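Working notes, structure below.
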Amino acid sequence: MKPWTLGLTGGIGSGKSAVAAQFAALGVDVIDSDQAARWVVEPGRPALAAIAEHFGDQVLQADGHLNRPALRELIFQSPAERSWLEGLLHPLIAAETAQFLANAKSPYAITVSPLLIESGQYKLAQRILVVDVPEQLQIERTMQRDRLSAEQVHAIMAAQATRAARLSHADDVLVNDRDLAWVKQEVERLHAFYLTLNGGQP
Ligand SMILES: CC(C)(COP(=O)(O)OP(=O)(O)OC[C@H]1O[C@@H](n2cnc3c(N)ncnc32)[C@H](O)[C@@H]1O)[C@@H](O)C(=O)NCCC(=O)NCCS
Ligand SMILES: Nc1ncnc2c1ncn2[C@@H]1O[C@H](COP(=O)(O)OP(=O)(O)OP(=O)(O)O)[C@@H](O)[C@H]1O
């Protein structure tokens with residue numbers, strides 16, 4: 001039987017990757033749209049050439065790879081430029097995701113995306129798990145992981161759905177305000193529950 005799809009979402013730095021890694025360790029097939037966003041702009045791919053043509057060589061590194069921090073600065077200070085980039089990349093990311101899910105072999109598969117709600121991709125999932133954290137913790141973890149200023153993190157958060165909007169789509173919520181042992185325990189609980197579901201429903 002074709003696996004059903006769990007959509008896993010949360011704001012920047014909420015802990016999606018940490019949660020997804022625990023599901024993957026239990027044998028669940030996981031596709032992460034942040035990773036797919038990297039594949040589609042590898043050197044030689046047409047999207048990278050389109051980005052360089054649109055933004056200029058300032059968004060390329062000397063070795064020809066995308067200069068991600070430079071592009072990040074440009075798009076989070078201009079909604080129009082962000083929208084242009086999303087128009088180019090989101091269909092490519094969606095295609096990579098669809099192909100992965102079509103080949104998934106575990107009882108259910110997970111699509112991880114920070115923009116699951118915003119992009120409409122949630123409609124492809126039978127069930128939605130939101131990783132939720134208090135904003136202060138989200139900001140602290142992101143600043144530490146990415147070496148960003150509070151202002152830079154706020155600019156990215158402003159481009160994402162609000163916590164309330166995301167939670168309004170949730171079937172399940174993992175509150176990631178404790179340590180990683182807690183994440184593991186919560187994922188094991190959810191996984192045991194998900195294995196009892198038919199097509200994502202009880
Ligand atoms: C701007 C880019 C080059 C920055 O790369 P960088 O390596 O610094 O960050 P990374 O890709 O790992 O993303 C980190 C986080 O930023 C946030 N973020 C990224 N893109 C967006 C966006 N378009 N809107 C809102 N938040 C975003 C997400 O929370 C994401 O998890 C990159 O994020 C990108 O190509 N974004 C456009 C594609 C996209 O929308 N990706 C989001 C998944 S669909
Ligand atoms: N329960 C936790 N305890 C301590 N640190 C954590 C916990 N969960 C996540 N982190 C750390 O917080 C940071 C953000 O987590 P993670 O990278 O999983 O978030 P994300 O939602 O995938 O972010 P993004 O949207 O940017 O991809 C990472 O450095 C991670 O190691």
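Note that the structure is predicted; figures quoted are calculated from it, not measured. Whatever order the structure lists ligands and atoms in, that order sets their numbers, starting from 1.
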Verdict with supporting geometry, Glu118 and Arg82, salt bridge (charged side-chain N to carboxylate O under 4.0 Å, His left out):
CA-CA 13 Å; Glu118 297 88 325; Arg82 193 175 77 244; over 6 Å; no
Is Pro114 close to Ile12 at the side-chain level, that is, under 4.5 Å between some pair of heavy atoms?
no
Side chain to side chain donor-acceptor pair (under 3.5 Å) partner of Arg127, the single match among Asp172, Asp171, Thr5
Asp172
For ligand 1, list all ligand N or O to protein N or O distances below 3.5 Å, rounded to 0.1 Å.
| from | atom 1 | to | atom 2 | distance (Å) |
| --- | --- | --- | --- | --- |
| ligand 1 | 5 (O) | Arg68 | NE | 3.3 |
| ligand 1 | 5 (O) | Arg68 | NH2 | 3.4 |
| ligand 1 | 7 (O) | Arg38 | NH2 | 3.0 |
| ligand 1 | 7 (O) | Arg68 | NE | 2.7 |
| ligand 1 | 8 (O) | Arg72 | NH1 | 2.9 |
| ligand 1 | 11 (O) | Arg68 | NH2 | 3.0 |
| ligand 1 | 12 (O) | Arg38 | NH1 | 3.3 |
| ligand 1 | 23 (N) | Glu86 | OE2 | 2.7 |
| ligand 1 | 26 (N) | Gln160 | NE2 | 3.0 |
| ligand 1 | 29 (O) | Gln160 | NE2 | 2.8 |
| ligand 1 | 31 (O) | Asp34 | OD2 | 2.6 |
| ligand 1 | 40 (O) | His90 | NE2 | 2.7 |

Partner set under side-chain contact (heavy atoms from CB on, under 4.5 Å) for Thr196, not counting sequence neighbours:
Phe193
Test side chain to side chain donor-acceptor pair (under 3.5 Å) applied to Asp34 - qualifying residues, sequence neighbours left out
none
Would you say the side chain of Leu174 lies within less than 4.5 Å of the side chain of Asp132, judging by non-hydrogen atoms?
no
If you measure only the distance, is there a donor-acceptor pair under 3.5 Å linking the side chains of Glu81 and His54?
yes
Do the charged groups of Arg38 and Glu42 touch, with an N to O distance under 4.0 Å?
no
Protein residues having a heavy atom less than 4.0 Å from any atom of ligand 2
Gly11, Ile12, Gly13, Ser14, Gly15, Lys16, Ser17, Ala18, Asp34, Arg141, Arg145, Asn176, Arg178, Asp179, Leu180, Val183
Within the 3.5 Å criterion, strictly below it, is a donor on Glu73 or Gln152 matched to an acceptor on the partner's side chain?
yes
